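Structure first, then comments.
These figures come from a predicted structure and were not determined experimentally.
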Amino acid sequence: MIQFTKEQIEQLDKYYYPPRNLVDLFEESVVKWGDRPAIGQKDPATGEYVWTTYRELARRIDNLRGALHALGLKKGETVGVILSNSVEWFVIENATHGLGGRFIPMYEKELEKKWHYMIKESEVKFLFVRDAAILKKITPLTGDCDDLNDTFVVYGEGEKSLSSLEKSGAARTIPSYKPHWSEVAVIIYTSGTTGDPKGVVLNHGNLTHCSQSGYRIYPELNETCIALSILPWAHSYAISAELHNFLQFGGSIGIMGSLETLTTDFLAVRPTHLMSVPRVFNKIYNGIQMMMAEEGGVKKKLFDAACAEAARCRDGKKTLKLKILDRLVFSKIRARLGGRLKGSLTASAVMNLDIALFFKDVGIDIYDCYGLSETSPAITMNSPMYGNKIGSVGKPVMDMHVKIDKSRTGADSPDGEILVYGAHVMMGYLKKPEQTAAIMLSDTWNGFPGIRTGDLGRFDEEGNLYVTGRFKDEYKLSNGKYVHPESLEIDMKLVPHVANAFVYGDGKEYNVGIIIPDFETIKKDSRTAKWADRPAAEIIRDEEFRDFLTREVNDHLRKSFAGYEIPKKYIITDQDFTLENGMLTQTLKVVRGEVVKKYAEMLNKLYG
């Protein structure tokens, strides 16, 4: 892990702009926007949103900081949470930082062995868990966690509860400590698509600079803006782009109740912005397309006319015809999303070009961005200030430098490995010197460290970056041709009838795959209505259905992929990849090793 020398700190000081730590970032906002709503979450009893102001958040943070100090939390020690996005999540985080502590966020939906691994490795001193149910699971696991002093329940009563701590701390508040930018703030554990999770060590400068660099290129962001929180703050994308970003300029964040309530949450929060992943918009797009197909008649004709006219006007001014069709058609789509949504940042994968253009036509700009947990995460972004080059992931943000290394692909290759240097690059992996050394670069840029991303990419003539594949997932067929399975899987999931997908073929003659059908879509589509009332296990055994689904997927893939890339045979199963069975990461990426482990025999049988 990087330990900055005095000389390095002096060299880099000029790049970290006030506020240089997450404590100042929030406290300065309290002074400016104390009475504005900061975070809204649903009341469990009523289902209505209740908003907490900046000043109310600050009071709760002061109280908890006083309690943690009384318990003996010292600078450099660790506080962990097993908790979803909430007012309490942020209160615990900021109270920890105000004592110079390190904060370790963990997901509520996680394998128990991973909780144990993270608590033990990061030396958690005080642990906060959501409720008694998680406490019951975690207690037997922590007997060998020697650094753990105590565990508290967030939503519960009694001496070992968050509310009790806040009450006791109200009488013993102390001023907050203001960490230096080089001090450790948060350890974000990667989801771990292979092996044990790795703790990405991020300092206060990494996180404040990352939020500032995004804010500066979105000039419309101000204290009137509202985000709908969908992604977990335990991931670097949501903690930087949403939580710390919106709280630095007085914005408000409404927390989604659940994926099942997302439609009504849009209407209740009425967001202006969204931090999301492409899959959310893919689902919305597929839903709109299917609804229009089912409606038919005049509505379908108007929808098609609006889409065609919008496409025709992309390079020019809006025609009167488009303005009328926008009012008749697109305004209703915007209304379903709350009526105020101006734009969304997406990351994790590149948006499908047609879907991105569709939402732009509707009046909602989707800005593709690129980053890693190891870079806090922002590396490149599309934005109003940089321009929105659909299909690319934009240009490097402030004080970040990207270059393409062709040493593995060949000098004549159009792309190479993406190397990144700059203010957001992590300090290293916690207690993993060999893995840290494998990713960190030996040279620097303007004094900043750099890393190998393991991703393939190229720049266009305007300086926009395109991510074209991943070295870590790439494999070679027996005919010598390379395959990037994730690209295929992303495209397969654009088929409305597909919930999840997996492609396999390393060293084989051809690719095969796994398809998990989207049974909700099957119920709504007139073409699949004859299967809708059957149990899922029966549907997937129906030969006609299997032929239909295979044909839908392969017809779609032929639009973008070469014949050798398209799987020739499939396993079709009703057992989805989930967090619970360890086959999905928290950002919904497939854990390849776990899928192969479960399906290896069945996959190999497809080769006869």
Are [X] and [Y] close enough that some pair of their side-chain heavy atoms sits under 4.5 Å apart?
X: K283; Y: N286; answer: no
X: H556; Y: M492; answer: no
X: I239; Y: E93; answer: yes
X: I404; Y: L419; answer: no
X: V420; Y: K403; answer: no
X: N511; Y: Y475; answer: yes
X: Q212; Y: P19; answer: yes
X: C210; Y: H424; answer: yes

Can you see whether [X] engages [Y] through a side-chain donor-acceptor pair at a distance of less than 3.5 angstrom?
X: D13; Y: W181; value: yes
X: N446; Y: Y421; value: no
X: E183; Y: Y177; value: yes
X: S182; Y: N203; value: no
X: E242; Y: Y237; value: no
X: Q248; Y: S211; value: no

Chi angles and distances behind the salt bridge (charged side-chain N to carboxylate O under 4.0 Å, His left out) call for D361, R314: CA-CA 8 Å; D361 292 341; R314 280 175 191 156; 2.7 Å; yes
Cation-pi check, R592 onto Y504 ring (under 6.0 Å, within 45° of axis): no
Spacing of [atom1] belonging to [X] relative to [atom2] belonging to [Y], to within rounding of 0.5 Å:
X: S236; Y: L372; atom1: OG; atom2: CG; value: 8.0 Å
X: M275; Y: C369; atom1: CE; atom2: SG; value: 9.0 Å
X: I439; Y: I451; atom1: CD1; atom2: CD1; value: 4.5 Å
X: Y215; Y: F246; atom1: OH; atom2: CZ; value: 10.5 Å
X: H244; Y: S376; atom1: NE2; atom2: OG; value: 11.5 Å
X: T585; Y: H235; atom1: OG1; atom2: NE2; value: 7.0 Å

Heavy-atom closest contact (L584 atom, F577 atom, distance):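 L584 and F577 have their closest heavy atoms at CD1-O, 3.2 Å.
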Distance-minimising heavy-atom pair for P396 and G463: CD-O, 4.1 Å
S344 and its side chain to side chain contact (heavy atoms under 4.5 Å, CB included) partner, picked from D368, L274, L228: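 Looking at D368, L274, L228, the match for S344 under the side chain to side chain contact (heavy atoms under 4.5 Å, CB included) is L274.
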Trace of the ring-ring contact (aromatic ring centres under 6.0 Å, His included) decision for Y285 with F358: CA-CA 8 Å; Y285 175 83; F358 170 80; 5.2 Å; yes
Pair D491-K559, side-chain contact (heavy atoms from CB on, under 4.5 Å): steps then yes or no: CA-CA 10 Å; D491 237 45; K559 299 173 187 175; over 6 Å; no
Over 12 foreign heavy atoms within 6.0 Å of NZ, K318: no
